[in-house]
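Please read the structure below before turning to the comments.
Keep in mind that what you see is a predicted model, and the values were worked out from it rather than measured.
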Amino acid sequence: MRIYHFEEIEAWKKSQLIAVRIYTLLQANVDFGFKNQIQRAAISISNNIAEGFERGSDADFRRFLFISLGSCSEVKSMIYIAHHLHYLTYEDSIQMRKDLTEISRMIKGFIRILDKSGYRLN
């Protein structure tokens with residue numbers, strides 16, 4: 001299967017939804033430092049997938065996927081803190097951690113595909 005546009009990548013699609021959900025759930029939150037950090041990290045997940053894909057080389061894409069993976073872990077870690085600070089409900093934090101775990105798996109799978117098969121972009 002060949003991917004021609006980053007918008008076709010499921011991890012990109014799902015990470016966009018996570019970012020929107022974080023913005024929505026924390027919209028009224030007045031802890032601006034925390035909110036800014038988690039929002040920036042959430043946006044970084046999909047942005048790094050897109051930027052790496054558009055670079056046009058497998059090596060660059062792989063590198064940006066690792067950055068995206070790191071951002072995914074950062075958001076997941078901050079979700080725990082948000083729950084403990086009562087910024088998020090238990091249900092919201094559980095669901096987002098599940099979604100972030102799924103996105104991480106997708107990104108890791110993409111990295112394995114690039115490593116094993118010599119997958120070529122565009």
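Note on Lys14 versus Asp99: no salt bridge recorded, every NZ/NE/NH1/NH2 to OD/OE distance being 4.0 Å or above. At a threshold of 4.0 Å, the pair Lys13-Glu7 does not count as salt-bridged, since none of the basic side-chain nitrogens sits closer than that to a carboxylate oxygen. Here Arg63 pairs with Asp60 in a salt bridge; the nearest charged N to carboxylate O distance falls below 4.0 Å. Electrostatic pairing of Arg21 and Asp92 does not count as a salt bridge here, judged by no charged N lying under 4.0 Å from a carboxylate O.
Side chains of Phe6 and Glu8 form no contact here, defined as non-hydrogen atoms less than 4.5 Å apart. Residues Ile94 and Arg97 have side chains in contact (heavy-atom distance under 4.5 Å, counting atoms from C-beta outward). Looking at Ile38 and Tyr87, their side chains never come closer than 4.5 Å, going by heavy atoms from C-beta outward. Two residues are said to be in side-chain contact when any heavy atoms from C-beta on lie closer than 4.5 Å; Gln37 and Glu74 meet this criterion. Side-chain contact between Phe61 and Phe110 is present, with at least one heavy-atom pair separated by less than 4.5 Å. Looking at Thr101 and Arg105, their side chains come closer than 4.5 Å, going by heavy atoms from C-beta outward. Between Leu88 and Leu26 the shortest side-chain heavy-atom distance falls below 4.5 Å. Looking at heavy atoms from C-beta onward, Leu65 lies out of side-chain contact with Lys108 at the 4.5 angstrom threshold.
In the hydrophobic clustering of this structure, Leu69 does not group with Ile43; members are Ile, Leu, Val, Met, Phe, Trp, Tyr whose side-chain heavy atoms approach within less than 4.5 Å, directly or through other members. No chain of hydrophobic side-chain contacts below 4.5 Å, direct or via other Ile, Leu, Val, Met, Phe, Trp or Tyr residues, connects Ile49 to Ile67. Neither Leu100 nor Tyr23 shares a network with the other; the hydrophobic side chains, linked directly or stepwise wherever heavy atoms of I, L, V, M, F, W or Y lie under 4.5 Å apart, form separate groups for each. Side-chain heavy atoms closer than 4.5 Å link hydrophobic residues (I, L, V, M, F, W, Y) into clusters, and following such links, possibly through other members, connects Trp12 to Ile107. The hydrophobic cluster containing Tyr80 does not contain Ile45, counting ILVMFWY residues as joined when their side-chain heavy atoms lie under 4.5 angstrom apart, directly or transitively.
A donor-acceptor pair is defined here as one N or O able to donate and one able to accept, closer than 3.5 Å; such a pair exists between the side chain of Ser93 and the backbone of Tyr90. For Ser44 (side chain) and Arg40 (main-chain N/O), no donor-acceptor pair under 3.5 Å exists by modelled atom type. Checked by atom type and distance alone, the side chain of Lys35 pairs as donor or acceptor with a backbone atom of Asn29 at under 3.5 Å. Here the side chain of Thr24 pairs a donor or acceptor atom with the backbone of Val20 at under 3.5 angstrom.
Atom OG1 in Thr89 sits 10.5 Å away from atom CD in Gln95 (nearest 0.5 Å).
More than 12 heavy atoms of other residues, nucleotides or ligands lie within 6.0 Å of CZ in Arg55, so this atom counts as buried by the packing criterion.
Residues Arg62 and Ile111 come closest through the heavy atom pair NE-CG2, 4.1 Å.
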